[in-house]
Student: 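Would you mind keeping the following structure in view while I ask a few things?
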Amino acid sequence: MERLSDTFFARPTLEVARDLLGRWLVHEHPCGVRLIGRIVETEAYRQDDPAFHGWRLVDPETGQVRPQGRAYDLFAPPGTAYVYLNYGMYWLLNVVTEPEGVGGAVLIRAVEPLEGLTFMQKQRPRARRPHELTGGPGRLTMAFDIDGRYHRRPLTCPPLYFAAGEPVSDALVATSGRIGLSRGNDLPWRFFVRNSPYVSPAFRG
DNA sequence: ACGAGGATGCTCT
DNA sequence: GAGCATCCTCGTG
C-alpha cells in the first residue's frame with residue numbers, strides 16, 4: 001500500500017482534512033504488531049482560526065509568525081506530527097498541513113479498526129461497542145499506543161504513517177462544526193463518513 | 001439514551 | 001490561576 005507523501009499534506013488544510021477520509025492510519029508498533037485504521041472523522045485547524053493553537057503567533061497586520069512556544073510546531077513542514085496532551089490525560093494526533101511556515105493541522109478524530117484488533121482491545125479493555133475502541137481522538141491514540149514520543153516526527157514514513165487507502169465519495173461525506181471548542185464552533189470544518197458505526201453516535205448527525 | 005461532574009497536567013497569562 | 005481540540009462513571013428516565 002502506497003504511503004501518503006509530504007505533497008499530500010502541503011495543500012490547503014480543509015482540502016487535506018476532507019481527503020484524509022478513507023485513508024489508512026498505520027502504526028508499525030515496536031513490539032512487532034501492525035495496527036491499521038481507516039480514517040472516518042477529521043477536523044481542520046487553520047492559522048486564521050481562533051481555535052488554532054498557534055493563532056496568537058501570527059501578527060494580523062503583517063502576517064509575520066513569532067517562533068515561540070509549542071504551538072510553533074504547527075508551522076513545521078507538511079506531514080509532521082503534532083501530538084498534543086489535553087486535559088492532562090489524552091494525547092491527540094494531528095498532522096501538520098500547508099507549506100512549511102504556514103500554520104495548519106488536521107486532527108484525526110476517529111478510525112475504523114482494520115488490523116491489530118487484539119492489540120487495540122488490550123489497550124482499551126473497557127471498550128464494549130464498536131465506536132468505543134477507536135472512535136474519539138483520545139480513544140484512538142490509546143488504542144494505537146500513540147503518545148508524545150511521536151511529536152514533531154514525520155508521518156510520511158514508518159513506524160507511524162498514512163497509506164493511500166480508498167478515498168470516500170462526496171455522497172458519503174458530511175460536515176459539521178468542530179467539537180469541544182469554546183471558539184470557532186460555527187465553522188463547518190469537521191468532516192466525517194456518513195452513518196459510520198465508528199463515529200460516536202452523538203456526533204453522527 | 002442522556003446529562004452532569006470529576007480526573008489531571010501542560011501552556012500561557 | 002485559568003483554560004483546555006476528552007473520556008469515564010454514575011445518576012435519572
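Values below: every heavy atom of this structure, side chains too, minus hydrogens, waters and symmetry copies. Throughout, a chain's letter reflects where its sequence line sits, starting with A, and its residues are numbered from 1.
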Student: Any ion pair linking R139(A) and E132(A) (charged N to carboxylate O, less than 4.0 Å)?
Tutor: no
Student: Between the base of dT6(C) and the ring of Y87(A) - centre-to-centre under 5.5 Å, planes within under 30° - is that a stack?
Tutor: yes
Student: What nucleic acid atoms does R124(A) come within less than 4.0 Å of, heavy atoms only: base, sugar-phosphate, or nothing?
Tutor: sugar-phosphate
Student: May I have the distance from R56(A) (atom CZ) to dA2(C) (atom C1'), rounded to whole angstrom?
Tutor: 12 Å
Student: May I have the distance from R129(A) (atom CZ) to dC2(B) (atom C1'), rounded to whole angstrom?
Tutor: 12 Å
Student: In this structure, how many angstroms lie between the P atom of dA5(C) and the OH atom of Y82(A), rounded?
Tutor: 9 Å
Student: Both distances below 3.5 Å, Watson-Crick or wobble geometry, any strand: find the nucleotide opposite dA5(C).
Tutor: none
Student: Could you state the atom-to-atom distance from CZ of R46(A) to P of dA5(C) in whole Å?
Tutor: 18 Å
Student: For dT6(C), does either OP1 or OP2 sit under 4.0 Å from a side-chain N or O belonging to R109(A)?
Tutor: yes
Student: Ignoring backbone atoms, test whether S182(A) places a side-chain nitrogen or oxygen under 4.0 Å from the OP1 or OP2 oxygen of dC4(C).
Tutor: yes
Student: Could you pick out which residue, P137(A) or L85(A), lies toward the 5' side of DNA chain C when each is mapped onto its nearest nucleotide?
Tutor: L85(A)
Student: Before we go on, tell me: are the rings of H27(A) and F119(A) under 6.0 Å apart, centre to centre?
Tutor: no
Student: To the nearest Å, how far apart are Q123(A) CD and dC8(C) P?
Tutor: 13 Å
Student: Under 4.0 angstrom, heavy atoms only, what part of the nucleic acid is R178(A) near: base, sugar-phosphate, or nothing?
Tutor: nothing
Student: Please determine whether a side-chain nitrogen or oxygen atom of H53(A) lies at a distance below 4.0 Å from atom OP1 or OP2 of dA5(C).
Tutor: yes
Student: Side chain of M89(A): nearest nucleotide among dT8(B), dC7(C), dT13(B)?
Tutor: dT8(B)
Student: Could you tell me whether R178(A) sits above the aromatic face of Y45(A), with NZ or CZ closer than 6.0 angstrom to the six-membered ring centre and within 45 degrees of the axis?
Tutor: yes
Student: Could you state the CD-P distance from Q47(A) to dA5(C), rounded to the nearest angstrom?
Tutor: 18 Å
Student: How about Y161(A) and E28(A): does a side-chain donor come under 3.5 Å of a side-chain acceptor?
Tutor: yes
Student: Using a cut-off of strictly less than 4.0 Å, decide whether R139(A) has a side-chain nitrogen or oxygen near OP1 or OP2 of dC8(C).
Tutor: yes
Student: For the pair made of OH in Y84(A) and P in dC4(C), what is the distance, rounded to whole Å?
Tutor: 9 Å
Student: From CG of L133(A) over to C1' of dC8(C), roughly how many Å is that when rounded to an integer?
Tutor: 16 Å
Student: Is there a donor-acceptor contact under 3.5 Å from the side chain of R11(A) to the main chain of T97(A)?
Tutor: no
Student: Write down the partner of dT8(B) under the Watson-Crick or G-U wobble criteria, each distance required to be under 3.5 Å.
Tutor: none
